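Just so we're on the same page: letters track the sequence lines, and every chain starts at 1. Since the model is a prediction, treat every value here as computed from it, not as a measurement.
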There are 2 protein chains.
Amino acid sequence: MTTTASSEFDTDTAVTPSGNGHYSTTVSDRWVIREGVANGGYLLALCVRALGDQIALPDPLAVSAHFLRPGTPGPAEITTEVVKQGRRTATGSARLSQQDGAVVLAQATYADLGGMPDPAAPNGTAAHGDTVTSHDTAAPHNTAAFDNTAPALADPDSCTDPLTLSEQPGVTLAARVDYRLDRVPGFWYGTPSRNPVSEFWLRFADGRAADTTALAMLVDAAAPVVLDLGVGGSSTIELTVHMRARPAPGWLACRAFTRHLSGGYHEEDFEIWDSAGVLVAQSRQLALVR
Amino acid sequence: MTTTASSEFDTDTAVTPSGNGHYSTTVSDRWVIREGVANGGYLLALCVRALGDQIALPDPLAVSAHFLRPGTPGPAEITTEVVKQGRRTATGSARLSQQDGAVVLAQATYADLGGMPDPAAPNGTAAHGDTVTSHDTAAPHNTAAFDNTAPALADPDSCTDPLTLSEQPGVTLAARVDYRLDRVPGFWYGTPSRNPVSEFWLRFADGRAADTTALAMLVDAAAPVVLDLGVGGSSTIELTVHMRARPAPGWLACRAFTRHLSGGYHEEDFEIWDSAGVLVAQSRQLALVR
């Protein structure tokens, strides 16, 4: 994993081994989403860092996590177990606990995404061509009209920095990540658009390049688009992230959308595309409306 | 959970407690997808049955699983651990192992979906109204054109039973589930359509009504739509299922689609809608092309 000693993310996801797959760490107050509540993706990244320390393969490939209670800034213990250490993939589990008990139960499969075909190479091009495009829908009832291309976003400089719209007191996470909104969701103005789809740019505020471990946090770093349906907020129950490629440096183009809110639950899908136009992360979470 | 003593699914997912959260079971040869390889969703259902036996809440709500090696018909042990036993949700893990080692690592959060608002009631209607519809896309670049309505399928009797197109020797799973295809994907004729989207009806062949536990298997019960991109097959690495409601009896309308095949990996999304037109399951798996 690429780490920058001075980066906020690497500093705040540092874990200290205490033997037998156990790690001690500190949940930083620099990644909270409201008073005393740490971002779920940040907690997941702590688990990925600890488990990754036990695994020979460099990249998390599929990470799934169940959230049991809010994580709070302060000391935490992470217990990891490597169940399979294979040549091509390795899988294990990690549990982050604080004084009140288990906070996150995570499982992850690791691989080496460095050996993936360059999307610019014929091979990769073929692979990337092997997807449905929204104007190539032979399916009945037009059900294949899923956009599977990178968001066509305006230049970051001509997009809106949401922090210029409203301060986010107590949301320290907002200072860790730069956001540039191509279209400002209505909820930012207190007028939900009823259209829970958002496209925007994302990057670490301190210039750290994103890697596959950071993607586990970044997919959960934006305000939930379900706010555009007028709900007050939501709490993540389960989050799964698939890392599809190592991101190239630069701004990340993101698309977040919710298609189903029912029974008080909603999913949020999140896609991250790198500066080369390659899909690098695809995630979905199930959350309970507050 | 609704169980029918005589149903194939309930018989073949029976688990015998041996104390301390341990269960013994037999992986049946009635759910194999090729010679000696059990269906992943079936193996996941075995984990859900065992863990559910330890949990007071009736419905799996979010289930995530990592697959380490193929499961084979024969004896298996399932080790469960309940980590949080809450009033509204409970979460734990389950590991299914066979002689060669761990086969499936699963985590699941349970809840009571019986208390959910009836979609037919004003409350539920409102909730179901709170979704993007494909003709309600105010988002830029038309990126919100995601179909979030139940597949509009022809009557099951006028759809195609794939078993009339080609026998599935060795695929015993095909005899456990009835399929009715509204449109026959090209791969059934050996001519991939390049459009990996499929809509079809699904139900247990023996008439067992689907419940939230069965949904964990059913989302993995169809041939992967990625076959329509001309690949030979794929192996599931990770599968997450969100149970969104208890299914009403009758045929289940399904939509399976793959949007991204790259670096040898692809996702498959799977949605199941019940006979009342309610979304009951939403799943995604990451798989490696064989």
Side chain / backbone / both / neither for [X] at chain A, heavy atoms under 4.5 Å:
| X | value |
| --- | --- |
| B:Ala90 | neither |
| B:Thr240 | side chain |
| B:Leu288 | side chain |

Which of [options] touches chain B most, by non-hydrogen pairs under 4.5 Å:
| options | value |
| --- | --- |
| A:Val226, A:Val63, A:Val83 | A:Val83 |
| A:Ala65, A:Ala62, A:Gly92 | A:Ala62 |
| A:Ala106, A:Ala111, A:Gly101, A:Ser93 | A:Ala106 |
| A:Thr91, A:Thr109, A:Leu68, A:Thr89 | A:Leu68 |

For this session: Using only heavy-atom distances, determine whether the side chains of A:Thr79 and A:Glu77 contain a donor-acceptor pair under 3.5 Å.
Result: no
Short side-chain to backbone donor-acceptor contact, [X] and [Y], under 3.5 Å:
| X | Y | value |
| --- | --- | --- |
| A:Arg246 | A:Asp59 | no |
| A:Arg244 | B:Tyr265 | yes |
| B:Arg284 | B:Glu268 | no |
| A:Arg69 | A:Ala102 | yes |

Problem set entry | Counterpart residues, side-chain hydrogen bond (donor to acceptor under 3.5 Å, both in side chains), relative to A:Ser193 (two or more places apart) | A:Asp228
Problem set entry | A:Ser97, part contacting chain B, at a heavy-atom distance under 4.5 Å | neither
Problem set entry | A:Glu81 versus chain B, the contacting section by heavy-atom distance below 4.5 Å | side chain
For this session: Output the distance between atom OH (B:Tyr110) and atom CE (B:Met243), rounded to the nearest 0.5 Å.
Result: 8.0 Å
